[in-house]
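In the text below, chain A, chain B and the rest are named by the order of the sequence lines, each starting its count at 1.
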Amino acid sequence: MDFSRHVHILLAVLLGAAVGVGLYTFVYAKGASYMTDNPGACANCHVMDAHYGAWLKSSHGRVAVCNDCHTPAGFVGKYSVKATNGFWHSFAFTSGWFPDQIQITERNLKVTEGACRKCHSDMVHAIQLTSDDDSFSCIRCHRSVGHLE
Amino acid sequence: NIAQRKQEAQSPFYRVVELNDSIEDPEIWGKNFPMQYDGYVRTVDQKRTRYGGSEAVPRTPDQADPRSIVAQSRLEQDPRLRTMWAGYAFAVDFREERGHAFMLEDQTYTKRQEVAKQPGTCMHCHASVYVPYKKLGDGDLIKGFEKMNQLPYKEARKLVSHPVACIDCHDPSTMQLRVTRPGFMEGIRALKASQGVADYDVNKMASRQEMRAFVCGQCHVEYYFKGPEKRLVYPWANGLRADQILAYYEETGFKDWTHAESGAPALKAQHPEFEMWNQGIHGRSGVACADCHMPYQREGALKISDHHVQSPLLNINRACQTCHKWSEEELKTRAETNQERTLSLRNTAMDALIQLIGDIKAAKAGGKTDQQLEQARNFQRRAQFLLDFVEAENSSGFHAPQEAVRVLGESINYSRLGQVALRDGKSVAGTD
Amino acid sequence: NIAQRKQEAQSPFYRVVELNDSIEDPEIWGKNFPMQYDGYVRTVDQKRTRYGGSEAVPRTPDQADPRSIVAQSRLEQDPRLRTMWAGYAFAVDFREERGHAFMLEDQTYTKRQEVAKQPGTCMHCHASVYVPYKKLGDGDLIKGFEKMNQLPYKEARKLVSHPVACIDCHDPSTMQLRVTRPGFMEGIRALKASQGVADYDVNKMASRQEMRAFVCGQCHVEYYFKGPEKRLVYPWANGLRADQILAYYEETGFKDWTHAESGAPALKAQHPEFEMWNQGIHGRSGVACADCHMPYQREGALKISDHHVQSPLLNINRACQTCHKWSEEELKTRAETNQERTLSLRNTAMDALIQLIGDIKAAKAGGKTDQQLEQARNFQRRAQFLLDFVEAENSSGFHAPQEAVRVLGESINYSRLGQVALRDGKSVAGTD
Ligand SMILES: [Ca+2]
Ligand SMILES: [Ca+2]
């Protein structure tokens, strides 16, 4: 038997199911609102509740919404990140396959770091003078700006 | 799925049975709180971490001891412990501790029971004693405690039936946490008095977050049996630090036994997790035992406390990553780095103590009098207690990394001073 | 107001002068970067913290030493230091260190210069040597370094004019951080080689965040002068831990001097801040020296690095509170708790060492031969280096609380073993 073919079939079935389930989740969990900038859209998922609550209390609760920090600038960038994240969040949420303490991915952390500079470039101009090395992280010191612990 | 989860979120618990203050059996409580009960029964799991957890070691059950699985022997892992405890029951049997499910049978069948007559006091921390105490005291918890303390172990054993159970930590009507152990009520009162707080009543005056550590402090503490009544006492009247507890024993002149090889008036330290945690940065930051050992866990739309009490290193995502954004691997390494440093100095301290004991033994054999040995024996008493305080503390130093190592440093000093005193046959200037 | 801030923000710095690689004077750099320069000159401030900072002690200037203000004497604060360093220049004059502004004059006028002939090597860490090295080496930094090392101090002193200056940490064209000190370039290369990284070139291979610690590691490190060329060497070929550095000295057989009272081949440890920081949790978390000692500071609409390098405890809000949400008072207490624990065991270790030195001295006076004293002296050498490693580290344990105390524990062990060895007149089983 051709093992890899079976794997392919299995994957196709799983993916179909995932898209189906994802779509179901998308509709039922008011997925359309995911496309807006309304933070309530994120909090539609109860697993986002704590982040929503912590965001409300944070220094940015009144100046930046989730998407300001979690999507890159520009229409295409914004919606492609949303699409990728949206799919995986729905899938993870429905399957339950995610850790209790959600960890931000490297990719999304980069997006967020970019977001800080998007708004604060004036302020940080001087400290970026010596190097614009993008591994120099803002949240190393300002971890709690988006979500007060 | 989401529909079910939305539903769950609305009515988290169903009151299936009516609980009251005389229902001991956790299975009955579990009818109302099945998820907590599920966790609770999983404390039978045995899994090792680098320095903690426990290993399931098979054994052949016999007449005296029906257990077919025990935890690994610490005496075999480090035979120096036999020398340290020579003449005391611990030198006969001492194992790595394991989950709560085993506490009653491990106490009942330890070989320590065969070599020493133990009092009913032991029960305080190895069984669900709340209902039995109340029964024995005709409704008065403290009276029941005092009565059970004075029974022989075998008699007391007949009065209890469960390891620590829901009722020992929870009020059945509100499910609020509560302290049910007289030892802790009195110990914390003495401690608070030393800090200028009079008449401290833990169940009235502690905050919810404090209770998330105090319920564990009911048992995970240093203790001794006071007087002929064998009253369980937590030696906290001077404070919780190892040296403050040692000072307490020095003032009261208490000893656990006379060391078989050296003749020193020795002390045994036991599981001072609560005391050490109090010296550490997590304790200081208000991070309670339950935050790490019973972290919140997602059950559908709910968050519940994981009642599978265990090593947090078996559960780093939930136990640590709520607060720390480092990777699981990195967090494990951080904890283990603290543990390694502690254990490396613990080994230096252990060698020093064993050499001191050897020296006193040789001096005794060589005809030195008790008077000539007195000073060295006193150094041994102190060195040994301080070392044992860290040795017996079950986090291998994690709960208070710097303090654990400081205490070991003082222990080393005493052991070596004992050797010097022995050689000088007189007091060493400025150190006594 | 906002208009003004926007203006500032758009062009944060005005290029008033053209900087290049031969401009030493920080005042000229300060024309382009006035805010950083303002901070830089404020390192003349003297203010004590509980265990750090420094105190301005007035003195009457004289021929030999024109300073009218110095820092407090550590020898007066703890006379045991005189015994520890007997026969070495440090026993004559040793003061609390103070701000960068003083580094050149404090080195020039310390009484240690009067009792020992120092080489030009000293300059490496107390002056702006980048331009002088290049000049002396005809454009070759390393050659200039080697040449200056071999000059007598007084000669070398004439070649330099500033304490550490902008050019020592910054590339004038990009303002990027750079390492200009041969000692560090070679030290870190040896360290990386021991970790399997060949040909490490710090200025090409370090990340920006690493550079925020490496520029300080140029000077705040343990060092020795190697061979007749008096080459400055950072003893890191085995690693950065105190015991690894001790092992390095054991292998090379190096000694700083012969102890005047005991005759031991002694070692002096100096300011191993970089090494200790590497063992601590902040170092492990990537928190660099500059994060705490040069925290960001708002100046109008900009934030800049505070070039007033000082104790972070004088500046808790900016130095600690971006990462830690505890109150200033609480953060101070946390740091001081770590420091107190370290200093309490440091005192135990100091007593032990002083007693060992006293014992060897007495044995020598009593006619014991060098051979009979050898073992005790070797114990002293080790005990003393480990104690001094913590003693000389200027954070009083804060940079690596558990490690500092572990090292002290090992020191105590060696001191007391020395006393035992002396009494036995022979080797102690299993400890050598
Ligand atoms: Ca265990
Ligand atoms: Ca200072």
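Contact of C:Ser415 with chain B is not made at all, since no heavy-atom distance falls under 4.5 Å. If you measure heavy-atom distances from B:Ser411 to chain C, you find no contacts under 4.5 Å at all. Proximity to chain B involves both the backbone and the side chain of C:Asn338, based on heavy atoms less than 4.5 angstrom apart.
More than 12 non-hydrogen atoms from other residues, nucleotides or ligands lie less than 6.0 angstrom from NZ of C:Lys192. Counting heavy atoms of neighbouring residues, nucleotides and ligands inside a 6.0 Å radius, atom CD of B:Gln195 exceeds 12 of them. Counted within 6.0 Å of NZ on B:Lys368, heavy atoms from surrounding residues, nucleotides or ligands total 12 or fewer; the atom is thus considered open.
Once rounded to the nearest 0.5 Å, the distance linking CD of C:Gln402 with CD of B:Gln339 reads 10.0 Å. Interatomic distance, C:Leu408 CG to B:Leu408 CG, rounded to the nearest 0.5 Å: 13.0 Å.
B:Arg416 is not listed as a side-chain neighbour of C:Gln419, based on a closest heavy-atom distance of 4.5 Å or more. Two residues are said to be in side-chain contact when any heavy atoms from C-beta on lie closer than 4.5 Å; B:Thr348 and C:Glu410 meet this criterion.
Below 4.5 Å, heavy atoms of chain B meet heavy atoms from C:Gln279, C:Ile281, C:Arg284, C:Ser285, all part of residues 275-291 of chain C. Within residues 329-337 of chain C, the residues that have a heavy atom under 4.5 Å from a heavy atom of chain B are C:Glu330, C:Thr333, C:Arg334, C:Thr337, listed by number.
If you tally non-hydrogen atom pairs under 4.5 Å between each of B:Ala404, B:Gly397, B:Gly409, B:Pro401 and chain C, the highest count goes to B:Pro401.
Scanning all heavy atoms of the two residues, the minimum distance from C:Arg406 to B:Ser344 falls at CD-OG, 3.8 Å.
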